[in-house]
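Notes for the one structure printed next.
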Amino acid sequence: MDLQQLHQIQPYLWTFPLKSGESRKEVLLYGGRALLESMDDKVLEQITHVASLPGLVGAAMTMPDAHWGYGFPIGGVAAFDAEQGGVISAGGVGFDISCGIRCLRSNLNLQDVEPHLSTLAERLFRVIPAGVGEEGFLKLDTKQLDQVLLGGARWAVQQGYGSEADLEFIEERGCMSGAVPANVSELAKKRQRGEMGTLGSGNHYLEVQVVERIFDTVTAQAFGLQEAQIIISIHCGSRGLGHQIGTEYLVSMAKAAARCGIHLPDRELACAPIKSPEGQQYIGAMNAGINCALANRQILTHLTRETFMEVFPNSELETLFDVSHNTCKLEKHEVEGKSRMLHVHRKGATRAFGAGHASLPERYRALGQPVIVGGSMGTGSYILAGNRDNPAFASASHGAGRALSRHQALARWHGKQVIGELAQQGILIRSRSMRGVAEEAPGAYKDIDLVAETTEQARLARRVAFLKPLACIKG
DNA sequence: ATGTGC
């Protein structure tokens with residue numbers, strides 16, 4: 001991206017000035033010079049399109065890890081007011097509805113795990129279904145699936161996959177309200193029948209990590225983190241169900257937009273007024289998709305615990321937090337001194353509530369929400385904490401963010417070579433897809449250290465801990 | 001992201 005066309009407001013905040021005759025809201029880009037210079041021009045084009053949608057409140061924003069997505073950029077944040085004709089967009093949520101990360105903290109340290117790492121990786125790889133179309137141990141009929149869509153992680157716990165203690169540390173206490181299973185098609189449910197408790201493909205992973213650095217000892221203590229501790233991160237979403245919801249509602253939203261006279265600068269931006277029948281139907285379906293993802297990560301947590309118990313009989317894995325980064329949520333935000341209810345799209349952006357927010361578990365309330373910034377395999381992850389003065393509708397980065405397209409990555413790396421290079425650094429990769437591994441090569445991603453540092457400098461969240469990968473199960 | 005697509 002050419003920074004000449006931007007205006008720097010603060011050291012880590014840029015705006016794209018309006019051209020004469022252009023009618024849109026403000027565009028804000030969070031990030032430093034290095035990240036923005038290497039960012040695709042498409043990000044600016046896409047977020048400028050978002051800024052032209054009806055009912056947008058404040059500015060359309062991108063996080064430091066933003067990259068080109070479908071319609072909305074990944075790393076995009078946009079809040080809409082239903083009372084002012086605000087819209088909801090399937091492309092603004094993302095096709096993998098409620099894709100997110102579950103983080104588990106263990107009572108094990110590096111010394112305990114290192115000698116058994118290969119055994120652990122092998123067993124996790126055998127137990128955790130991963131890859132395109134891979135199915136799990138559960139086969140659900142439509143009626144059971146409706147219960148999943150209503151109950152989320154709470155349903156999974158009721159089935160014996162985890163405990164009440166997990167629920168406290170999941171967004172929405174593990175169960176998203178407002179889910180309407182009837183708004184989810186039979187086809188979407190059929191696709192999900194065998195896919196509960198599966199990882200999926202692409203950038204999804206289950207990773208065994210070690211806390212390598214603590215940045216903020218007080219917050220780390222509240223989060224239960226210390227150096228050399230073993231952490232497990234599970235990154236996945238709502239699988240075939242979420243994807244099918246996205247596909248179907250994209251069509252219904254395109255029709256709604258045409259009927260309501262909404263000008264779409266890009267057909268991928270299909271959206272419907274929040275107050276329209278299509279908008280309302282999508283919200284019910286999306287909330288069901290969120291519950292699907294929450295249940296999915298809960299079942300995977302259960303499988304992870306079972307596997308750890310086989311290798312480390314005294315292991316205990318507690319849920320540190322579970323946060324989504326592909327959602328649209330109705331939240332209360334202060335705008336120019338006024339409290340308003342807004343539909344906040346976060347696509348490839350993590351919710352980052354600051355200290356004192358009522359929805360936070362008591363354990364974290366004085367310090368802020370754990371913000372999980374997932375790395376690519378090999379480059380580590382960060383846990384940050386939400387700030388009370390977050391300027392972006394309580395949002396922050398979600399990961400390293402791609403720097404090269406999948407296509408570019410395939411042209412540059414081979415899967416086996418990537419696995420070999422990571423093995424030399426002591427990082428074990430287990431995957432059924434060598435193509436997938438090549439696409440996910442660490443070099444195809446932005447510098448996560450820079451993303452985390454910039455996220456802190458832009459006051460979006462503050463760094464608490466850095467996690468180094470040890471073993472990664474890939475889709 | 002995805003019962004992977006020009």
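By convention in this document, chain letters (A, B, ...) are assigned in the order of the sequence lines, proteins followed by strands, and residues within each chain are numbered from 1.
- For A/Y364 and A/F223, the gap between ring centers is short of 6.0 Å.
- When the C1' atom of B/dT2 is taken as reference, atom CZ of A/F95 falls 9 Å away, rounded to whole Å.
- No engagement by A/I74 is indicated, since no non-hydrogen atom pair under 4.0 Å with the nucleic acid exists.
- Within the 4.0 angstrom heavy-atom criterion, only backbone atoms of the sugar-phosphate kind lie near A/G200; the bases stay farther away.
- What separates CD of A/E440 from C1' of B/dT2 is a distance of 14 Å, to the nearest Å.
- At least one test fails for A/R102 against the ring of A/F321: distance under 6.0 Å to the centre or angle within 45° of the axis.
- Distance CD (A/E439) to P (B/dT2): 12 Å, rounded to an integer number of Å.
- If you measure from atom CG of A/L250 to atom P of B/dT2, you get 17 Å, rounded to the nearest angstrom.
- Counting to the nearest Å, the P atom of B/dT2 and the CZ atom of A/R435 are 14 Å from each other.
- Contact annotation for A/R406: backbone-only contact, meaning every heavy-atom pair under 4.0 Å involves sugar-phosphate atoms and none involves a base.
- Checking the phosphate oxygens (OP1, OP2) of B/dT2, no side-chain nitrogen or oxygen of A/T247 falls inside 4.0 Å.
- No engagement by A/G237 is indicated, since no non-hydrogen atom pair under 4.0 Å with the nucleic acid exists.
- At a threshold of 4.0 angstrom between heavy atoms, the contacts of A/S201 include nucleobase atoms, whether or not backbone atoms are also involved.
- For the pair A/E195 CD and B/dT2 P, the interatomic distance rounds to 8 Å; values are reported in whole Å.
- Applying the side chain to side chain contact (heavy atoms under 4.5 Å, CB included) test between A/Q144 and each of A/V148, A/T142, A/L140, A/D146 identifies A/L140 as the sole match.
- When each of A/R351, A/H357, A/H343 is checked for a side-chain hydrogen bond (donor to acceptor under 3.5 Å, both in side chains) with A/E331, only A/R351 meets the rule.
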